[in-house]
Amino acid sequence: MTDVDWSIEAYDYQLPEELIAQNPVLPRDSSRLMVVESLTHRHCIFRDLLDLLQPGDLLVLNNTRVIPARLYGRKTSGAQVEILLLKPMTSDTWLALVKPGKRFINGATIEFEPNSSFDCDYKLQATVLATDRETGGRVLKFHLPQGVSLINFLDQFGHVPFPPYVTDSQALTEQYQTVYSKVAGAIAAPTAGLHFTDELLEKLEQRNIGKAFITLHVGIGTFRPVEVKDITTHNIHSEWVEVSSLTVDKINQTKAKGGRIIAVGTTVVRAIEGAARANNSNPHSSIEPFSGDTNIFIYPGYKWQVVEGLITNFHLPRSSLLMLVSAMIGRKRLLSLYEEAIIQKYRFYSFGDAMLILPSARIN
């Protein structure tokens, strides 16, 4: 194995700030697409997928939907606070990132403000129960009517959180959802899927390019850089995932017929490869249905089990996502492609352009 570098410095690059996309393009499938093949690459438009994929291929997509996870409120003293919900622990107790943290001492009560689009008489309050060492966040218990989940109040009190590097956007919140989003639970969008339109998906189906869905609720690990010097010692945050029997059947049938498995986004990669790793005791199937948390961390040297190709956006320096893509085509090649993308003024990150890695480019 060559080109395996596990030092964090090896996954750094410099990006001009003006290339961080603040708004999506319209229509969605008019974004640029860098196509990576075995020895070459070329520049296309996203809707060119119709000619780049083959009949019999299977696109696997993440149908998670971003929840209105950002809430604003005040302490009983009047001090303003902000929280970002991370994941539910029960129907009324959530882990959340908070700021300013010093105002969230155990026992403190927060009253949240309804967003401006709702006329709401209900007073939503929460009490701080504990500090979470892993995230630095807080465990919050919300005061809710009997038998009612916090999810029922998020449309009235919450806001869909854009990524922290999107600071000057005119995008509508629905533009930060995929057109096939269905299962609420993510705090960030699976952004590789933002390029698809209903029309493009229909045309792909007409060309016998199949689709299947997994659910992975994107968590805070998406935004957090890897901070250890040796990336192999990094502990990635776990995320909830479901790979259904229907999706597993489609994957196995596609492989049996010689079709290719193309993951739409790094979250799909983690879901499928995580499911395969969880069930690898069965020698007769590379993947089986799976539901639960995954903390799979993919970096160069990884041996691929299911995924053959990948559609992905351009990722942050020192991120676990950059390392995952490096595992597919090699770190040096990926960073050289990023250098060209910068020269060609591709748009980076969540609202940016895309890359298609064809199976011929996968290194192992």
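- Aromatic ring orientation, H43 versus Y346: tilted (interplanar angle from 30° to 60°).
- Between M323 atom CE and H234 atom NE2 the span is 7.5 Å, to the nearest 0.5 Å.
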So D353 and H195, side-chain hydrogen bond (donor to acceptor under 3.5 Å, both in side chains) or not? Walk me through it.
CA-CA 8 Å; D353 296 315; H195 306 280; over 6 Å; no
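- Side chains of K182 and Y180 form no contact here, defined as non-hydrogen atoms less than 4.5 Å apart.
- A cation-pi contact, defined as under 6.0 Å to the ring centre and within 45° of the axis, is absent between R318 and Y11.
- Ion pairing between E199 and R47 fails under the 4.0 Å rule for side-chain N and carboxylate O.
- Considering L310, I262, I329, V35 in turn, V35 is the only one that fulfils the side chain to side chain contact (heavy atoms under 4.5 Å, CB included) rule with L358.
- Looking only at side-chain heavy atoms (C-beta outward), L201 and V179 come within less than 4.5 Å of each other.
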Assess whether side chain to side chain contact (heavy atoms under 4.5 Å, CB included) is satisfied between M34 and L337, documenting all intermediate values.
CA-CA 9 Å; M34 180 182 283; L337 292 171; 3.9 Å; yes
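- More than 12 heavy atoms of other residues, nucleotides or ligands lie within 6.0 Å of CD in E9, so this atom counts as buried by the packing criterion.
- Using a 4.5 Å heavy-atom cutoff, the side chains of I298 and V269 are in contact.
- Side-chain contact check for I272 versus Q305: every heavy-atom pair is 4.5 Å or farther apart.
- When side chains are defined from C-beta on, K123 counts as touching E111, because their heavy atoms get closer than 4.5 Å.
- Looking only at atom types and distance, the side chain of H217 has no donor-acceptor partner in the side chain of E242 under 3.5 Å away.
- Summarising the geometry, atom OG belonging to S244 is positioned 8.5 Å from atom NZ belonging to K250; distances are rounded to the nearest 0.5 Å.
- Counting heavy-atom neighbours within 6.0 Å of N235 CG, excluding the residue itself, gives a total of 12 or less.
- Of the charged side-chain nitrogens involved, at least one lies within less than 4.0 Å of a carboxylate oxygen, so that R74 and E113 count as a salt-bridged pair.
- Interatomic distance, F196 CZ to L61 CG, rounded to the nearest 0.5 Å: 5.5 Å.
- Between atom CG of residue D293 and atom OG of residue S238 there is a gap of 4.5 Å, rounded to the nearest 0.5 Å.
- A donor atom on one side chain and an acceptor atom on the other are not found under 3.5 Å apart for Y299 and S320.
- Ion pairing of D57 with R207 is absent here, as no side-chain N (NZ or NE/NH1/NH2) approaches a carboxylate O to less than 4.0 Å.
- Residue-environment remark: NZ (K255) exceeds the threshold of 12 foreign heavy atoms within 6.0 Å.
- Atoms OG1 and CG, on T267 and N62 in that order, are 4.0 Å from each other to the nearest 0.5 Å.
- Taking the side chain as every heavy atom from C-beta outward, K75 and I110 approach each other to under 4.5 Å.
- F314 and F348 have tilted rings, their planes meeting at an angle from 30° to 60° on a 0 to 90° scale.
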Audit row: E273, Y302, side-chain hydrogen bond (donor to acceptor under 3.5 Å, both in side chains) steps and yes/no:
CA-CA 10 Å; E273 294 290 321; Y302 180 79; 2.5 Å; yes
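- Under a cut-off of 6.0 angstrom, the local environment of CD in E17 is sparse, with at most 12 non-hydrogen atoms contributed by other residues, nucleotides or ligands.
- Between P190 and T64, the closest side-chain pair of non-hydrogen atoms falls below 4.5 Å.
- Side-chain contact between I209 and L50 is absent, with no heavy-atom pair separated by less than 4.5 Å.
- A salt bridge links E174 and R65; the closest N-O separation between the charged side-chain nitrogens and carboxylate oxygens is under 4.0 Å.
- To the nearest 0.5 Å, atom CG of residue L140 and atom CZ of residue F104 are 6.5 Å apart.
- Under a 4.0 Å N-O distance rule, the pair D132/R138 does not qualify as a salt bridge.
- Around CH2 of W6, the count of heavy atoms belonging to other residues, nucleotides or ligands within 6.0 Å does not exceed 12.
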